[in-house]
Asker: 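Before I ask anything, let me first share the structure, which is written out below as structure tokens.
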Amino acid sequence: MIAAVSEPGIDAELVARYRRDPELFTDVHDRYYRDIYRYVAGRLDTQIAEAITRSRGRLQARMRGRAPRRIGWLKPGFGLATVAAAAAAVAVLATGVTTPADTPATGWEILLMAAVSAEHAPQDSGTYWHVTRKWPWPDIPLMESWTTRGGRRWSKDEPGDPPGAVVPDSTSFMLRGAKVSVEDLERLPADPEALKTRLAELPGRDEDMSLSEQRGDPTLPLITLISELPTPPEVRSAAFRALAATPGVRDAGAVEDGRKLLIPDPDREGEITLVVDPETARVARTDVLMGDNGSVGWAEGLISLTTGWTDELPQVDGGRS
């Protein structure tokens, strides 16, 4: 049985123990893989960082004395710099030295950390995709929606709903002006560039798209994928990586529920604000939401979001069909 990692203070003890029991390497790796990724991606290349963080099996084999004939980390053209970064990454595992919490981070770095978290997240299960939206004004109630994998939807306190009632709702998941299903989202590419290409090919109607979406800008569809839609983990990861490549992304520092990121707004002067928790790869708050008809809603403050699968649907009161 693999021993569990519990408190940060036991790292030195773990180093000694995993030399005797290589299975413990898995626990140390899993604790620090985000720090490894952040270190290497920030200094060299995200592809190299991914190769290193995914190389737990090869490292564990070396601890057992059964190293494969050749290690596939290195690629032509990276040379000693890559070796140095890889060595530093392994040193993080061996010593438990992590990046201090107050170390300044870049916006793309935070998004890449979220991408790693998304990729490692388990696939949620449930009957209904439940979304809550809390606008920053006290006179607007909490808005909720529940959508099945087959597309049936109910909402509460959304525009046009009877106050406080859970009612059937005929609207659909929308992405770049096109109606999409859970199956459509699951078929999206898990590669950032391929994902952007596929988004540009979605058969959306101009009247259901923002001006930037009509121009083919991927920013708003990518934000939609990571914020409100039931996007599978590998596609969410690709969306975070694609956003990380957006010029001008900035980190505005730590806030209560994550990191405040500023992304250039493709439709107006200024920036879009996203509060992203890089540990859970969830958007906790934002000042822009895409409407079901392709409209874009901006708020002077931040809209709080929660999303997830659930098996619970409140009593339906009737209403829209």
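Along the sequence shown, residues carry numbers from 1. Values reported hereafter were calculated over all heavy atoms of this structure, with side chains retained and with hydrogens, waters and symmetry mates removed.
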Asker: Is it true that E109 and R259 have a side-chain N and a carboxylate O under 4.0 angstrom from each other?
Answerer: no
Asker: Please step through side-chain contact (heavy atoms from CB on, under 4.5 Å) for the pair R241 and L195, ending with a clear verdict.
Answerer: CA-CA 10 Å; R241 296 179 204 279; L195 177 61; over 6 Å; no
Asker: Given the rule in the side-chain contact (heavy atoms from CB on, under 4.5 Å) test, do L188 and L175 qualify, once you have shown the distances and angles that lead to the verdict?
Answerer: CA-CA 12 Å; L188 289 174; L175 184 62; 4.2 Å; yes
Asker: For residues F173 and V131: do they belong to one hydrophobic cluster (side chain heavy atoms under 4.5 Å, members Ile, Leu, Val, Met, Phe, Trp, Tyr)?
Answerer: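 Per the 4.5 Å side-chain linkage, F173 and V131 are co-clustered.
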Asker: Any chain of hydrophobic side-chain contacts (each under 4.5 Å) joining W135 to V283?
Answerer: yes
Asker: Side-chain contact test, heavy atoms from C-beta onward, threshold under 4.5 Å: evaluate it for S145 versus R133 and give yes or no.
Answerer: yes
Asker: Is it possible for you to say whether I223 and L262 belong to one hydrophobic cluster, with membership spreading through side-chain heavy-atom contacts below 4.5 Å?
Answerer: no
Asker: Give a yes or no answer on whether the side chain of T231 reaches the backbone of I226 with a donor-acceptor pair at less than 3.5 Å.
Answerer: no
Asker: Establish, from distance only, whether the side-chain atoms of D251 and T106 form a donor-acceptor pair under 3.5 Å.
Answerer: no
Asker: If you count heavy atoms of other groups shown closer than 6.0 angstrom to CD of E312, is the number above 12?
Answerer: no
Asker: Are any side-chain N or O atoms of K134 and backbone N or O atoms of I140, one a donor and one an acceptor, separated by less than 3.5 Å?
Answerer: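 Present.
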Asker: Mind checking whether L211 and D217 have side chains closer than 4.5 Å, heavy atoms only?
Answerer: no
Asker: Nearest 0.5 angstrom please: L229 CG to T307 OG1, how far?
Answerer: 9.5 Å
Asker: Of the non-hydrogen atoms in D257 and A284, which two are nearest, and what is the gap between them?
Answerer: OD2-CB, 3.8 Å
Asker: Just verifying a value: how many Å separate E279 CD and M113 CE, rounded to the nearest 0.5 Å?
Answerer: 6.0 Å
Asker: Might you point out which heavy atoms bring T273 and D287 nearest each other, and give the distance in Å?
Answerer: N-OD1, 3.0 Å
Asker: How far apart are the closest heavy atoms of S155 and R153, and which atoms are they?
Answerer: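 Between these two residues, the closest heavy atoms are CB-NH1, 4.0 Å.
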Asker: Group every Ile, Leu, Val, Met, Phe, Trp and Tyr by side-chain heavy-atom contacts under 4.5 Å, then state whether L274 and L302 land in the same group.
Answerer: no
Asker: Quick check on the hydrophobic clustering: are I272 and L111 connected, directly or via other members, by side-chain heavy-atom contacts under 4.5 Å?
Answerer: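 In one cluster with I272: L111, yes.
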Asker: Could you go through the side-chain contact (heavy atoms from CB on, under 4.5 Å) check for E186 and Q123 one step at a time?
Answerer: CA-CA 11 Å; E186 291 172 345; Q123 178 67 62; 5.6 Å; no
Asker: Measure from the side-chain N and O atoms of W137 to the backbone N and O of G301, and report whether any donor-acceptor pair falls under 3.5 Å.
Answerer: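 Not confirmed, W137 side chain does not pair with G301 backbone.
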Asker: Measure the shortest side-chain to side-chain distance between V276 and F240 over non-hydrogen atoms and say whether it is less than 4.5 angstrom.
Answerer: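 Yes, side chains in contact.
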Asker: Could you tell me how the ring of Y128 sits relative to the ring of W154: parallel (under 30°), tilted (30 to 60°) or perpendicular (over 60°)?
Answerer: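 Because their plane-to-plane angle is over 60°, the rings of Y128 and W154 count as perpendicular.
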Asker: Verify, without hydrogens or angle tests, whether R176 (side chain) and E213 (backbone) share a donor-acceptor contact under 3.5 angstrom.
Answerer: yes
Asker: Would you find a donor on one side and an acceptor on the other, under 3.5 Å apart, between the side chain of E119 and the backbone of S237?
Answerer: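 Between the backbone of S237 and the side chain of E119 there is no qualifying donor-acceptor contact (under 3.5 Å).
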Asker: Looking at every non-hydrogen atom in both residues, tell me the closest pair between P230 and W309 and how far apart they are.
Answerer: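 Smallest interatomic distance, heavy atoms only, reads CB-CZ2, 3.7 Å.
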Asker: Would a 4.5 Å heavy-atom cut-off, applied to side chains only, mark S212 and L220 as touching?
Answerer: yes
Asker: Enter the distance from D191:CG to E234:CD here, rounded to the nearest 0.5 Å.
Answerer: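 One finds 12.5 Å between CG of D191 and CD of E234.
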Asker: Taking the side chain from D161 and the backbone from E158, do they hold a donor-acceptor pair closer than 3.5 Å?
Answerer: yes
Asker: Using a 6.0 Å cut-off, check whether atom CZ of R152 has over 12 heavy atoms from anything other than its own residue.
Answerer: no
Asker: Within a strict 4.5 Å, meaning less than it, do heavy atoms of the V235 and L185 side chains meet?
Answerer: no
Asker: A side-chain contact here means heavy atoms from C-beta on lying under 4.5 Å apart; do P266 and R215 qualify?
Answerer: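 Yes - at least one pair of side-chain heavy atoms lies under 4.5 Å apart.
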Asker: To the nearest 0.5 Å, tell me how far L243 CG sits from K196 NZ.
Answerer: 9.0 Å
Asker: Quick check: closest heavy atoms across P136 and I303, and the distance to 0.1 Å?
Answerer: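 Heavy-atom minimum between the residues: CD-CG1, 4.2 Å.
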Asker: Could you go through the side-chain contact (heavy atoms from CB on, under 4.5 Å) check for L199 and L222 one step at a time?
Answerer: CA-CA 9 Å; L199 291 175; L222 291 171; 3.8 Å; yes
Asker: Kindly give the heavy-atom pair with the smallest separation between P221 and P218, and that separation in Å.
Answerer: CD-O, 3.2 Å
